[in-house]
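One structure is given below, encoded as structure tokens.
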Amino acid sequence: MPSYKLYYFNGRGRAEVARLIFAAAGEKYEDVRYERDQWPAHKAEMPLGQMPVLEVDGVKLPQSLSIARFLAKQFHLAGKDNFEQAQVDAVVDTIYDCLTKYVPIRFETDEAKKEELTKKFLAEELPKHLQNFETLGKLYGKGGHFFVGKQLTWADLLFFDVGAIILQVDSNAFNNHAWLKQNRAEVEKQPKIAEYLKNRPQTQF
């Protein structure tokens with residue numbers, strides 16, 4: 001069995017989907033978490049000077065999506081065949097379309113501007129993204145509660161994580177999207193995920 005080490009800050013952020021994949025698969029790994037003040041001493045150790053990084057048998061892999069996609073394939077959470085994998089990728093890319101719009105708002109330091117941008121995001125951007133998520137879930141989910149096929153994939157895990165961010169911004173975001181609410185509920189009640197969430201460290205981000 002390969003040995004895995006995941007390097008990231010002491011937060012969920014861009015590493016959390018990888019942690020969720022490990023949890024869902026019941027696979028062991030070393031979860032290396034650096035505090036902000038520790039990071040400069042380790043930056044040069046990473047291939048691109050950034051995290052997350054997954055180390056597999058001593059070889060380091062950067063880029064959060066590459067890490068998640070590799071782990072999902074490794075642990076059979078990427079779709080049953082090439083076309084299902086493409087559908088999973090389409091869902092993931094659609095989720096990232098939404099994240100790309102929101103992330104700059106999250107890191108805006110001017111509070112007045114941040115409030116204005118958040119209102120605009122909630123009114124103009126988020127509804128169409130939620131509709132896109134639901135459209136793909138109903139298209140590829142074969143009448144079930146998961147995004148692709150009738151089994152858990154890393155698309156569901158990514159949406160579960162991103163959904164938590166969305167709910168922090170608007171706790172009522174999914175009220176008109178019953179399919180999305182059910183999808184997150186199905187993920188949360190997976191026994192290994194439930195156990196992971198119960199024991200997950202409480203962090204600022």
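Residue numbers run from 1 in the order of the sequence given.
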In Arg12, Arg14, Arg19, the residue satisfying salt bridge (charged side-chain N to carboxylate O under 4.0 Å, His left out) with Glu16 is Arg19
- Query: Can you check whether Leu48 reaches Gln63 side chain to side chain, under 4.5 Å on heavy atoms?
  - Reply: yes
### Message
A side-chain contact here means heavy atoms from C-beta on lying under 4.5 Å apart; do Lys80 and Gln151 qualify?
### Response
yes
Should the pair Arg36 and Phe9 be classed as cation-pi, given the thresholds of under 6.0 Å to the six-membered ring centre and 45° from the axis?
-> yes
Are Glu115 and Lys119 ion-paired here, with the side-chain N under 4.0 Å from a carboxylate O?
yes
Would Phe22 and Tyr196 count as a close aromatic pair, with their ring centres under 6.0 Å? no
The test is side-chain hydrogen bond (donor to acceptor under 3.5 Å, both in side chains); show your working for Gln182 and Glu186 and say whether it passes. CA-CA 6 Å; Gln182 187 63 42; Glu186 290 295 324; 2.9 Å; yes
Using side-chain heavy atoms (C-beta onward) and a distance below 4.5 Å, is Val169 in contact with Thr118? yes
Rounded to the nearest 0.5 angstrom, the OG1-CD distance for Thr94 and Gln131 is 12.5 Å
message = Side chains of Thr203 and Arg33, heavy atoms from C-beta outward: is any pair under 4.5 Å?
response = yes
Under a 4.0 Å N-O cut-off, is there an ion pair linking Lys198 with Glu195? yes
Run the salt-bridge test on Lys138 and Glu134 with the 4.0 Å N-O cut-off and return the result as yes or no. yes
### Message
Are the side chains of Tyr140 and Phe146 in contact, using a 4.5 Å heavy-atom criterion?
### Response
no
Minimal heavy-atom distance between Glu45 and Lys60, with the atoms involved, is O-NZ, 3.1 Å
Kindly work out whether a path of hydrophobic side-chain contacts (I/L/V/M/F/W/Y, heavy atoms less than 4.5 Å apart) joins Trp179 to Val88. yes
Q) Taking atom types as modelled and ignoring hydrogens, do the side chains of Gln85 and Asp89 form a donor-acceptor contact shorter than 3.5 angstrom? A) no
Requested in this report: Using distance alone, with no hydrogens and no angle criterion, decide if His42 and Gln38 have a side-chain donor and acceptor under 3.5 Å apart.
Outcome: no
Kindly indicate whether the side chain of Glu125, heavy atoms from C-beta on, has any atom under 4.5 Å from the side chain of His129. yes
Worksheet item: Would a hydrophobic clustering, with Ile, Leu, Val, Met, Phe, Trp and Tyr connected at side-chain separations under 4.5 Å, put Leu152 with Phe83?
Response: no
Judged by modelled atom types alone, do Glu30 and Tyr4 share a side-chain donor-acceptor pair under 3.5 Å?
-> no
Are Leu99 and Leu180 grouped together when hydrophobic residues (ILVMFWY) are joined by side-chain heavy atoms under 4.5 angstrom apart?
yes
| Out of curiosity, does Leu6 fall in the hydrophobic cluster containing Trp39 (side-chain heavy atoms, cut-off under 4.5 Å, transitive links)? | no
Mutual orientation of the aromatic rings belonging to Phe121 and Tyr102 [parallel < 30°, tilted 30-60°, perpendicular > 60°]
tilted
Report task. Might you confirm whether atom CG of Asp170 has over 12 heavy atoms from other residues, nucleotides or ligands at distances under 6.0 Å? Result -> yes
Here the gap from Asn172 atom CG to Leu122 atom CG, rounded to the nearest 0.5 Å, amounts to 10.5 Å
Output for pair (Asp161 CG, Asp156 CG), nearest 0.5 Å, gives 13.0 Å
Side chain to side chain contact (heavy atoms under 4.5 Å, CB included) with Cys98: of Val103, Ile165, Leu130, Leu126, only one passes, and it is Leu126
Nearest heavy-atom contact between Ala78 and Trp154 is CA-CD1, 4.0 Å
Test side chain to side chain contact (heavy atoms under 4.5 Å, CB included), reference Ile21, set Leu158, Thr153, Leu77, output is Leu77
task: Give me the ring orientation class for Phe147 and Phe159: parallel if the planes are under 30° apart, tilted from 30 to 60°, perpendicular past 60°.
output: perpendicular
